[in-house]
Amino acid sequence: MTELLKISLPDGSVREMEPGSTPGDVAAAIGPGLAKAAIAARVDGELRDINRPFEGDAELALVTARDEEDALELARHDFAHVLAEAVQSLYPGTQITFGPATDDGFYYDVKAPADREPFSMDDLPDIEEEMRRIIKADKPLRREVWSRQQLIDKWEAEGEVFKAEWAKELPENEELTVYWSGEDWLDMCRGPHLASTGKLDPQAFKLTRVAGAYWRGDQNNPQLTRIYGTGWLNKKQLNAHLTRLEEAAKRDHRKLGREMDLFHLQEEAHGSVFWHPKGYRIWRELESYMRRKMDKAGYREIKTPQLMDVRQWEQSGHWGKYAENMFAVPDMVPEVEELGDGPANPSVAPDADWMAIKPMNCPAHVLVFKQGITSYRDLPIRLGEMGCCHRNEPHGALHGLMRVRQFTQDDAHIFCTEAQVVEEVRAFCKLADEVYSDFGFTYDVKLALRPEKRFGSEADWDKAEQELRDAVAEAGMANDEYGWEELPGEGAFYAPKLEWHLTDAIGRTWQVGTIQGDRVLPDRLDASYVGEDGDKHRPVMLHRAIFGSYERFIGILIEHFAGRLPVWLAPVQAVIATIVSDADDYAKEAVARLEAAGIRVESDLRNEKINYKVREHSHAKVPHLLVVGNREAEEGTVAIRTLGEKEQRVMSLDEAIAMLKAEATPPDLREG
RNA sequence: GCUGCUGUAGCUCAGUGGUAGAGCGCACCCUUGGUAAGGGUGAGGCCGGGAGUUCAAUCCUCCCCAGCAGCACCA
C-alpha cells in the first residue's frame, strides 16, 4: 500500500493523489473545464509542466491563460522550440543553439548548413508555414531526464557542435532535461513547456526579422543567424502588439525630426547633429530650464577646453583605457602638399604632439578644482558644465539622436568630503525627481554595483556602494514604487552608479540620469583639500547628470510626446492663420501682441483655404492655431483650435494671450 | 567593429544594360474660400563614391562610404 500524496490547493483544500500523478490529473479530478484550461502548474512556487509527476507532497496552483505572465512565457518558449524544429525540418543540417523568450516574443539562434546562405527575411514565410504545420500536428512535448554524456553523444552524433560544446560545460550532477516534440525532434531545455504544440495559437505569432548574433554573445565567436518572432496567446494580442509597433514607428524621433524640421544628419558628419532653428529652440529651452535648476541647487557653471594634451589623458587613465574611442589631432600646422587641382594631402610629422578631444568633462573639472588651495570649509563644490564631448563610437552603435559621436551633457561634478556624500546624493535624488516630474516622466532607480574589472580597494567599493544605497533610502526611493533594484557587476570601473531609467508614453525605458561616487579619479589626478586637521585629504567626486545628453533627452522627448511637445517646449507655440486677406491687418496686430507677451508665434497669411492651413499646422504639431476671419477682426477675438482637440474655442485676444502665456511658462517658473 | 539589408528629385518611393518616373513639397498663375488636401502650369536628378566588365552601366562584378535592423560596445 503506497502512501497518497497530499496536494494543497490555493483555496486551502488538500487533495490526495496517487504517487506518479501529475498536476494535470489534479485538474482533471477537479473538473473537465479546468483540465482543458490548465496549461501548466506552479508546484511549490516553481513553474512546471502540467504533466510532470509530483515528487512528493506539494503546494499546487494550476496555471491557465488567465495567468497571463506565466502563460506568455510558456507560449513564447514553446514558439522558440517550434521555430527551431521548423528550421531543421525545412533545412536539414541547420545547427541549433539557443532560443529563449523575450519581452514580446522569442528568438532562436541557428547556423545555416554550410551549403546554404544564412537565412534571410525571404525564408521567414516558409518557416512560419512549417511552424503552423507543427502546431497543428499537436505534437506532445514530453520531458525526459538525460545524463550529460547522453546529451554530448547525441549532439556530437548529429554534428551539433554548439550544442555539444554547451553540453560539455554543464555540471555533472545536475538533473539535465530534454523535451521531445512528438517522437522525432528534441531540444535540451530546462523547461517548462506546454503539454503539446497544439496549445499554441497558430495565428498568434509572426516571425519579424533575422539578424546576426554571436555564439554565446562573444564577438570572437562565430556569428549565427538569430530569427526573431513576436508571440502571443491569441491573434487579438498579436494584432494589438503589431499596432503598438506601428505607433512606435510613427513616433520615431528621426522621422519626426525631419517632418518637424528640427534637425538633420548627413554622412559628412555622421553621428553629429545639425540642429535646425526649431530643434535648437527646444535645446535652448531645456538649457535655460536646466541652468535655473542648477543655479538654484548651488551649482556653479564652468566651461572647459575641448582639446587637451594627450599627456593629460594619460594621467587620467583615459588614453590607456579609452583611446580607441577618442578623437586625436596633431598639435601642429600640417605640411600640405599641393597636387595641382587635386586634394591637399596633409602629412603629420613623426614627432608631432597629440591632443585629444574630450570624451568627457571629468578630468577638466578636477583641474579646475585643483586651482588654488581648497579648504574643507569650501566643500561641497559643485561644478557644472554644458559639456560638449566627442566619442568615436562603434559605427553600428550610432542611432539618430540617441547614440551620437558629438553630444552635450548636463554634466556636473560634486567635490565633497566623505561625510557629505550621502546628503549630496540624497539632494540629487530630489533634484532629479523634480526634473523628471516636470516633463511628466515616471522612472525607476537602479544601483549598478562593482564590475569585475575595477580600480580601487574593496573597502572603498563597500563604502561607495553603501553611500548610494543609504542616500536612496533616505530619499524614500528604495522601494518598488521607484522600481528599486541593485544590478551586480553593472557599475563603472571606477565607481558604482545610481541610474535613472525613464518610462516613456508607450512603456519603453531609457537610462538618462546617473550619479556615481568616485574615489579613483581624484587620486589619479591628485585632487585634495585641506581638512580641519590641517592635513591634505582626498575629496570624493560625484559624477552626475540628469538629462544625460541634450541630444538623447530631446530624442526621448520627441518620442514620448509623439512630437506634440508641451507648449513651453514647442518651437512654435502658436500660429495665427487668416481665412480671408481682409483679416491680415488684424492678424499682424495679434502677432505683435503675442510676441510682446513672449509667445513664439508665426503668422500664416497665405492665399490658402483654412482647411489647408489647419491640416498643415496640425501636421507640424503646432499646439495652438489661432484662426481669424472678418468676424474675429471685428470682434477682437480669435478662434483657437488646440492640437488634439476637435472643438475650437472663441475668446478675446486678451484672454488668448493670458492663456498662452500661462501654458508657455516653464514648469519651474509657474506659481503654486 | 560583426552579420544581413538598403542608398534614384527636398521627402516617400517606382523603374530600366541604351544617361529616368510618380505622389507630396517648392515656384508661378487662377481662386478670398470658416476648421485636416480648390484648380492649373512649371522648375528640380553626375541614380552614394571609386574601379572593373561592356560598343554602352543608375542597373552586372569588386572595393569604399553612409544609413537601417540586430549583435557586440556604451568608461
Side-chain angles (χ1 to χ4, degrees), chain A residues 102 107 109 112 117-123 208-228 252 254-255 258-259 261 264-271 316-318 320-326 359-360 362 389 391-400 402-405 407 448 451 453-455 490-495 497 511 514 516 518 520-521 543 548-549 552 577-584 605-620 625-632 639-643 645-650:
Chain A
T102 63
Y107 65 78
D109 288 350
E117 299 280 300
F119 300 110
S120 72
M121 292 292 284
D122 299 336
D123 299 313
T208 49
R209 56 182 182 262
V210 294
Y214 299 107
W215 166 237
R216 309 179 79 169
D218 185 334
Q219 62 174 324
N220 298 314
N221 288 338
Q223 193 154 27
L224 311 167
T225 304
R226 178 168 296 177
I227 302 175
Y228 279 94
D252 190 308
R254 294 165 299 184
K255 180 172 174 287
R258 196 168 41 240
E259 286 172 6
D261 193 19
H264 86 270
L265 299 157
Q266 66 181 60
E267 60 178 279
E268 288 77 4
H270 72 275
S316 68
H318 294 98
K321 264 195 142 17
Y322 199 65
E324 62 182 22
N325 288 309
M326 290 170 68
M360 58 194 59
C362 352
C389 298
R391 296 181 189 177
N392 198 350
E393 302 282 4
H395 287 194
L398 299 176
H399 181 92
M402 302 303 193
R403 189 86 178 265
V404 286
R405 303 211 297 178
F407 56 91
K453 286 184 190 165
R454 56 181 181 261
F455 287 166
E490 304 260 313
F493 71 86
Y494 55 81
K497 306 195 279 191
Q511 199 225 299
T514 185
Q516 311 165 5
D518 179 8
V520 173
L521 200 58
H543 307 245
S549 84
R552 178 179 285 192
T578 51
I579 294 169
V580 291
S581 51
D582 287 345
D584 284 3
L605 310 183
R606 290 175 306 171
N607 177 11
E608 294 290 352
K609 291 197 168 179
I610 193 63
N611 291 16
Y612 183 87
K613 295 186 183 182
V614 166
R615 179 183 153 85
E616 192 175 282
H617 299 300
S618 299
H619 280 162
L625 185 61
L626 279 52
V627 177
V628 297
N630 285 326
R631 205 153 61 215
E632 288 76 15
I640 299 193
R641 186 185 166 113
T642 296
L643 192 61
E645 286 176 21
K646 287 187 187 123
E647 299 295 318
Q648 78 220 39
R649 286 172 291 170
V650 178

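Treat the numbers as computed from the prediction; the structure is a model and nothing was measured. Numbers restart at 1 for each chain; the letters A, B, ... are given by sequence-line order, proteins then strands.
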Quick one, give me the B/S/- string for nucleotides 62-71 of chain B, reading 5' to 3', where B means a protein heavy atom under 4.0 Å from the base and S means that only happens at the primed atoms, P, OP1 or OP2.
---SSSSSBB
Under the side-chain hydrogen bond (donor to acceptor under 3.5 Å, both in side chains) rule, collect the residues that match up with [X], sequence neighbours excluded.
| X | value |
| --- | --- |
| A/Lys613 | A/Thr578 |
| A/Gln648 | none |
| A/Gln266 | A/His264, A/Glu268 |
| A/Asp584 | none |

Taking salt bridge (Lys or Arg N to Asp or Glu O under 4.0 Å) as the test, write out the residues that go with [X], two or more places apart.
| X | value |
| --- | --- |
| A/Asp261 | none |
| A/Arg606 | A/Asp604, A/Glu616 |
| A/Lys321 | none |
| A/Arg226 | A/Asp109 |

Check the interface with nucleotides 37-39 of chain B: list each N/O to N/O pair with the protein under 3.5 Å, or write none.
from, atom 1, to, atom 2, distance (Å)
B/A37, N7, A/Arg615, NH1, 3.3
B/A37, N7, A/Arg615, NH2, 3.3
B/A37, N6, A/Arg615, NH2, 2.6
B/A37, N1, A/Arg615, NH2, 2.9

Using the P atom as the point on both nucleotides, what is the distance between B/C73 and B/C62, in whole Å?
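Per the computed distance, 31 Å lies between those P atoms.
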Under 4.0 angstrom between A/Arg216 side-chain N/O and B/A72 OP1 or OP2
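Checking B/A72 against A/Arg216, no side-chain N or O comes under 4.0 Å of OP1 or OP2.
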Give a yes/no on whether any side-chain N or O of A/Arg258 is located under 4.0 angstrom from OP1 or OP2 of B/U12.
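Indeed, a polar side-chain atom of A/Arg258 lies that close.
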What pairs with A/Arg615 under side chain to side chain contact (heavy atoms under 4.5 Å, CB included), at least two apart in sequence or on another chain?
A/His619
For RNA chain B, the dot-bracket pattern of Watson-Crick and G-U pairs whose distances stay under 3.5 Å, | for other-strand partners
(((((((..((((....[..)))).(((((.......))))).....(((((..]....))))))))))))....
